[in-house]
Amino acid sequence: MKVLTLNFLTCAARSCKQSSDSFPLHPKEAELASDDVELNPQLLSNLLPRLDWNALRTTSTELGFPALPEQPPTLEELESDEKTLKDLHSLLMETNLMEGKLVCGHCGHEYAVKEGIANFLLPSHLV
Amino acid sequence: MLPTPSTTHVPYSRVYEPAEDSFLLVDTLSSPSETTFLSTHFPFSSSPPLLLLEIGPGSGVVLAFLTAHSSTIFSPQKQIFSLGIDINQFACTSTNQTVQLATSEHSLTSGHFLGTVQGDLTCSLRNNQVDVLVFNPPYVPTEEMPCLPLNLEQKSLSQKTTTTFEQDSALLALSYAGGKDGMETTNKVIDSLPELLSERGVAYILLCAGNKPEEVKMRIRDSLGGGGIWSAETVGTSGRQAGWEKLQIVRIWRE
């Protein structure tokens with residue numbers, strides 16, 4: 001699954017939903033793969049406002065990507081700052097999480113990721 | 001007619017095979033009236049891309065169709081990111097293959113596929129993120145609700161690639177058995193719509209005649225989110241039986 005998906009996911013345990021610690025989930029022992037996707041600055045600048053930027057910065061750092069600026073860049077900034085544009089394009093559009101775990105910062109539950117598929121089914125005592 | 005994605009790689013002994021209900025969803029969402037609604041409801045501007053979610057994509061045929069033809073179905077410049085959630089690990093794998101194949105064949109009209117996660121309905125999603133929800137639920141009225149086969153619960157595909165006939169039957173039962181009125185799972189999803197959908201979000205849910213669709217729509221209009229906020233309209237039908245539509249697609253959205 002695309003790393004971008006992490007911006008939409010949270011812990012599946014009902015008791016974690018209210019906690020800010022359950023988002024974003026923290027990748028652990030992550031193996032990544034990259035797709036070749038055409039660079040589209042307009043798409044990125046349209047996408048950024050609907051993302052949780054702080055969560056994305058956390059994900060980027062935790063996956064070993066370069067640190068992102070404190071504020072989401074505008075289209076103009078993206079077009080004049082080739083490095084940030086390429087970093088964001090690579091992180092959001094091209095990178096897939098293939099293997100590893102996603103850890104909830106609230107309950108500590110680890111969701112396994114295998115062959116690009118994260119398993120969010122909880123053992124019955126946690127549902 | 002937009003081409004239907006290929007699903008020849010899908011193991012139909014444990015994943016629901018595309019059938020009349022799948023094709024009704026595909027036909028309804030690509031019909032002139034629905035593409036007109038969608039392009040008006042989500043006008044193109046520099047507005048954010050849409051998040052499209054299918055719950056229980058199974059073979060992936062519907063999600064692949066919507067992703068691969070997204071610029072035809074929505075509007076030519078509207079960007080779509082699509083995601084699947086299925087409780088059946090084999091369905092997750094099948095969906096990924098089906099969508100990847102279809103999007104590579106239609107790269108000019110295709111949206112961006114995020115992937116499929118294995119999960120129980122939408123438990124693992126953040127609130128109010130989904131702009132377009134598609135759900136072909138387990139709608140057949142049954143006496144009991146099936147459970148996920150126990151020994152498959154926490155195993156992932158690479159640990160468990162062989163299944164018994166009983167496990168396969170249980171996996172398939174999850175795709176059709178809907179309990180009382182065939183509505184036990186669908187009601188859970190309908191009740192979660194105020195938290196699940198974005199402010200502009202639209203849901204497409206398939207119902208059969210046994211689900212008592214007129215009562216379902218009335219309940220949505222009268223009481224979902226406190227009542228008076230949500231619309232529910234039938235926007236596609238198929239298979240007349242004794243004057244009744246056998247299957248229908250209901251569109252649900254905030255007024």
Side-chain angles (χ1 to χ4, degrees), chain A residues 1-14 16-18 20 22-25 33 35 37-38 40 42-52 55 74-75 92-99 101-102 104 109-124 126-127, chain B residues 44-51 53 77-97 100 103-104 107 111-131 147-148 150 152-161 195 198:
Chain A
M1 67 180 193
K2 294 261 195 264
V3 163
L4 170 56
T5 318
L6 292 183
N7 215 268
F8 304 120
L9 294 173
T10 182
C11 184
R14 196 164 296 162
C16 287
K17 283 264 153 128
Q18 302 307 321
S20 57
S22 62
F23 173 76
L25 297 168
D35 293 335
V37 178
E38 197 182 335
N40 185 340
Q42 181 73 55
L43 169 62
L44 278 173
S45 80
N46 289 347
L47 175 64
L48 296 186
R50 73 158 297 161
L51 299 182
D52 185 309
T74 62
L75 179 60
L92 293 173
M93 303 302 295
E94 298 194 313
T95 307
N96 290 287
L97 179 59
M98 298 308 293
E99 301 284 329
K101 297 185 175 77
L102 293 171
C104 172
H109 189 74
E110 297 187 343
Y111 298 96
V113 182
K114 290 211 154 61
E115 295 173 23
I117 296 168
N119 181 354
F120 281 95
L121 295 177
L122 288 165
S124 44
L126 286 177
V127 173
Chain B
F44 173 73
S45 59
S46 56
S47 63
L50 304 179
L51 181 64
L53 171 73
Q77 285 147 307
K78 196 78 214 166
Q79 297 281 352
I80 309 291
F81 287 84
S82 69
L83 177 68
I85 295 182
D86 205 297
I87 197 167
N88 174 349
Q89 71 202 44
F90 301 104
C92 293
T93 313
S94 298
T95 294
N96 282 351
Q97 289 173 323
Q100 278 154 7
T103 53
S104 68
S107 54
H112 306 273
F113 180 51
L114 294 172
T116 309
V117 299
Q118 188 181 5
D120 185 6
L121 301 178
T122 57
C123 294
S124 55
L125 274 190
R126 274 174 71 211
N127 282 350
N128 304 116
Q129 296 296 314
V130 177
D131 300 301
C147 294
L148 193 63
L150 254 189
L152 279 175
E153 215 168 40
Q154 284 300 309
K155 298 263 162 85
S156 70
L157 190 61
S158 52
Q159 292 163 311
K160 185 91 190 171
T161 50
E195 287 80 46
S198 68

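In what follows, chains carry the letters A, B, and so on, assigned in the order in which the sequence lines appear, proteins first and then strands, with residues in each chain numbered from 1. All values below were derived from every heavy atom in this structure, side-chain atoms included, with hydrogens, water molecules and symmetry-related copies excluded. Since the structure is predicted, the reported quantities are computational estimates derived from the model, not experimental observations.
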Largest heavy-atom contact set with chain B, pairs under 4.5 Å, which of Asn40(A), Leu25(A), Leu4(A)
Leu4(A)
CA sep, side-chain torsions, deciding dist, call: Gln79(B), His112(B), side-chain contact (heavy atoms from CB on, under 4.5 Å)
CA-CA 8 Å; Gln79(B) 297 281 352; His112(B) 306 273; 3.1 Å; yes
Begin with the C-alpha distance, continue with both residues' side-chain angles, and end with the deciding distance and a verdict on side-chain contact (heavy atoms from CB on, under 4.5 Å) for Asp52(A) and Arg126(B).
CA-CA 11 Å; Asp52(A) 185 309; Arg126(B) 274 174 71 211; 4.1 Å; yes
Side-chain donor-acceptor pair present, Gln42(A), Asn46(A), cut-off under 3.5 Å
yes
Using non-hydrogen atoms and a 4.5 Å limit, figure out which bit of Phe113(B) sits close to chain A: side chain, backbone, both or neither.
backbone
Using 30° and 60° as the class boundaries, would you call the ring planes of Phe120(A) and Tyr111(A) parallel, tilted or perpendicular?
tilted
With only heavy atoms counted, which part of Ser107(B) is less than 4.5 Å from chain A, the side chain, the backbone, both or neither?
neither
Using heavy-atom distances under 4.5 Å, tell me whether Leu50(B) contacts chain A through its side chain, its backbone, both, or neither.
backbone
According to the side-chain hydrogen bond (donor to acceptor under 3.5 Å, both in side chains) rule, which pairs have a member within residues 2-13 of chain A, sequence neighbours left out?
Lys2(A)-Asp35(A), Thr10(A)-Ser22(A)
Sort Ile85(B) into side chain, backbone, both or neither according to what part of it lies under 4.5 angstrom from a heavy atom of chain A.
neither
If the condition is salt bridge (Lys or Arg N to Asp or Glu O under 4.0 Å), which residues does Asp131(B) pass it with, not counting sequence neighbours?
Arg50(A), Arg200(B)
Tell me, out of Val117(B), Leu114(B), Leu83(B), who's got the most heavy-atom pairs with chain A below 4.5 Å.
Leu114(B)
Region of Phe8(A) in contact with chain B, defined by heavy-atom distances below 4.5 Å
both
Using non-hydrogen atoms and a 4.5 Å limit, figure out which bit of Leu125(B) sits close to chain A: side chain, backbone, both or neither.
both
To check you understand the geometry: which heavy-atom pair defines the closest contact between Lys17(A) and Ser124(B), and what is its length?
NZ-N, 4.4 Å
Counting heavy-atom pairs under 4.5 angstrom with chain A, the leader among Gly115(B), Gly119(B), Ser198(B) is Gly119(B)
